[in-house]
Amino acid sequence: MHADKDGNLAVVSVVFDEGKANPVVAAAWKQMPKSEGGKSALATKVSGVGLLPANRDYYRYNGSLTTPPCTEGVRWFVMKQPP
């Protein structure tokens, strides 16, 4: 999710197939808090580029956030292919 200086929101959505673990997701997952509600900064950077598919075609639509407060006016970019 991205918010610009004016508060406009954009979300890039990537759908994954079940199966082999994605190394970028695995690297981030290792650094997540162990308990519910825990918060911490990632100790090492994780690049989102490894989450994107080689084919960068996408569907675009205007919608809202999927969690409260369900803010409207969000630009969604849904990747057509899994990574």
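All heavy atoms count here, side chains included; hydrogens, waters and symmetry mates do not.
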Exercise. So do Thr66 and Val11 actually touch side chain to side chain, heavy atoms under 4.5 Å?
Worked result: no

Problem set entry | Hydrophobic cluster membership, Leu65 vs Val78, 4.5 Å side-chain cutoff | yes

For this session: Decide whether Val15 and Tyr59 are clustered together by the hydrophobic rule: side chain heavy atoms of Ile, Leu, Val, Met, Phe, Trp, Tyr closer than 4.5 Å, transitively.
Result: no

For this session: Give every residue pair that meets the side-chain hydrogen bond (donor to acceptor under 3.5 Å, both in side chains) criterion with at least one member in residues 69-83, sequence neighbours excluded.
Result: none

Seminar exercise, completed: Between Val24 and Gly50 the two heavy atoms that sit nearest each other are CG2-CA, 3.6 Å

Problem set entry | Crowding at NZ, Lys34 (>12 non-hydrogen neighbours, <6.0 Å) | yes

Please set out all donor-acceptor pairs under 3.5 angstrom arising from side-chain atoms of residues 41-48, sequence neighbours excluded.
unit_1: Thr44; atom_1: OG1; unit_2: Gln31; atom_2: NE2; d: 2.9
unit_1: Ser47; atom_1: OG; unit_2: Val49; atom_2: N; d: 3.3

Seminar exercise, completed: All heavy atoms of Pro33 vs all of Gly38, minimum pair found to be CG-O, 3.1 Å

Seminar exercise, completed: Heavy-atom nearest pair, Asn55 first then Met79, reads O-CE, 4.2 Å

Problem set entry | Minimum heavy-atom distance Pro53-Pro82, with the two atoms named | CB-O, 3.4 Å

Problem set entry | Any side-chain heavy-atom pair of Val12 and Tyr58 under 4.5 Å | no

For this session: Kindly work out whether a path of hydrophobic side-chain contacts (I/L/V/M/F/W/Y, heavy atoms less than 4.5 Å apart) joins Phe77 to Leu9.
Result: no

Problem set entry | Heavy-atom closest pair, residues Leu51 and Asn22 | CD2-OD1, 3.9 Å

